[in-house]
Amino acid sequence: MGRIFALVDCNNFYASCERVFNPALERRPIVVLSNNDGCVIARSNEAKALGISMGAPFFKVRRIVERHDVAVFSSNYALYGDMSRRVMAVLAGLVPRLEVYSIDEAFLDLRGLGAQELSELGRHIRRTVRQWTGIPVSVGIAPSKTLAKAANALAKRDLLRQGVCDLCDPQAREAALAHLAVEEIWGIGARSGERLRARGIATARQLRDSDPAAMRRHFGLVMERIIWELRGVSCLALTDIRPPRQQIITSRSFGVRVTSYRDLAEAISHFASRAAEKLRSQGDNAQALQVFVRTSPFNTGEPFYQNAATLLLPMPTQDTSLLIRHALLGLRQIYRRGYRYQKAGIMLLDLVPALGAQATLFAAGERETAKSQALMHAMDEINRRMGSGALRFAAEGTRQRWQGTAARCSPAYTTRWEDLPLVRA
DNA sequence: TCTGGGGTCCTAGGACCC
DNA sequence: TCTGGGGTCCTAGGACCC
């Protein structure tokens, strides 16, 4: 039996989250900014209509923002993460199988739901999520994931479809794919888009009708798979069990340029500590790590420098102090005086499950490991209860001058008692 | 002055082996 | 002067995603 996928995608997710708790924002243009209030990472429809583009540096759109009274927010991941969990919980209650694909998207398996009318089911999903969470979503339905993505794009674009688009019928697909630019297809970015156009392929329909074998030779396996998926042959299954991450990255742009080794070392220690937390919550040990630093890659009239150091750890570990120590060894290798650093970070690599980890050959080492595990566990527990960063390593510093500002952050409405909205009757 | 963060997968090419 | 062929493994970099 053929498959039927639905892709449920939250509309302008971060902007919509801000609106849920602040109804005065209804119909007002909204943008949400990245770390350091650096660039635009989410826009409401009204902000899109003003010509504010995705990823635009904030200082370049400031004029538009002021002229049109755009509401501006620093990103509030405590809020967005919690709202995401709520949306996914509602979806999980509506269908037996789903894959949470990103913070604002999920693929659903619609087979065997006895739905006469898939569009009606889509509208039901949409109504329910809206009513129970306040978040508007669009629903695309089709026999492959790539087509479900395409259907979703059309559901958003075409107001007549009222947020739901069903492309299961091959007839319906003809016109739809002819109106979809090749860059709008899932998996085709600017690079491939350009190369496809050079070969005279500009729409999803033209790509679908191209020769899979020849396209594989020119573009690789991924392109061939896209073509089959556009033809309605499902090549990408629903993966409802998420495999553990293979690498963990913690990195930041700095609020101000950093020049001293000392400040850089503080930042790197802080990143190592955060990465170690993620590592432990995943139940893994790391066997290697990489530290990287760089100056600003943009035209600043100053010399560009970037470098990275990769180190093998003496044993697989999830111990923060060991990770900090080795991260700093790496930093010493790549730090050069005289540069104004803009960004740095750490990657944990070669992750392996911590359970049943190879014990060290030495009994003393084993005792050390047990001690360190108890310490890390206690630390995580305290930080969970008292708030992240309540207990931290001295190496992370107290001034943290490199930290950026998030001046326009909304309250953590759903995850912090003091920030709960008040309702007056 | 001010330009995000965190991931995955695929491929090509080099090292190495027999 | 002539200088194999094929396999595996690893890594760096590209492309893409949200």
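Predicted model, so just to flag it, every value in this text is computed and none were measured. Chain letters run A, B, ... following the sequence lines, proteins first and then strands; every chain starts at 1.
- Under the 3.5 Å distance criterion, the side-chain polar atoms of A/Glu396 are matched with a main-chain donor or acceptor of A/Phe393.
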### Message
Please encode protein proximity along nucleotides 8-18 of chain C as a string of B, S and -, counting only heavy-atom distances under 4.0 Å.
### Response
-------SSSS
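- By the ring pair (Phe, Tyr, Trp, His ring centres under 6.0 Å) test, A/Phe5 pairs with no residue at all, sequence neighbours left out.
- A/Arg225 comes within contact range of the sugar-phosphate backbone alone, with a heavy-atom separation under 4.0 Å but no base atom that close.
- Separation of the C1' atoms belonging to B/dC16 and C/dG4 is 16 Å when rounded to the nearest angstrom.
- Of the charged side-chain nitrogens involved, none lies within less than 4.0 Å of a carboxylate oxygen, so that A/Arg384 and A/Asp380 do not count as a salt-bridged pair.
- Inter-residue side-chain proximity for A/Val137 and A/Asp9 is flagged as unmet; no heavy-atom pair is nearer than 4.5 Å.
- For B/dC9, the paired nucleotide is C/dG14, the pair qualifying as Watson-Crick or G-U wobble because both relevant distances are below 3.5 Å.
- The backbone N or O of A/Ala15 lies less than 3.5 Å from no partner atom in the side chain of A/Glu18, so there is not a single donor-acceptor pair.
- Using a 4.0 Å cut-off between charged nitrogen and carboxylate oxygen, A/Asp211 and A/Arg216 do not count as a salt-bridge pair.
- A close approach under 4.0 Å does not occur between any side-chain nitrogen or oxygen of A/Lys343 and OP1 or OP2 of B/dT3.
- A heavy-atom distance below 4.0 Å to DNA chain B is reached by these residues of residues 237-258 of chain A, ordered by number: A/Arg245, A/Gln246, A/Gln247, A/Ile248, A/Ile249, A/Thr250, A/Ser251, A/Arg252, A/Ser253, A/Arg257.
- Using a 4.0 Å cut-off between charged side-chain N and carboxylate O, A/Arg208 and A/Glu229 make no salt bridge.
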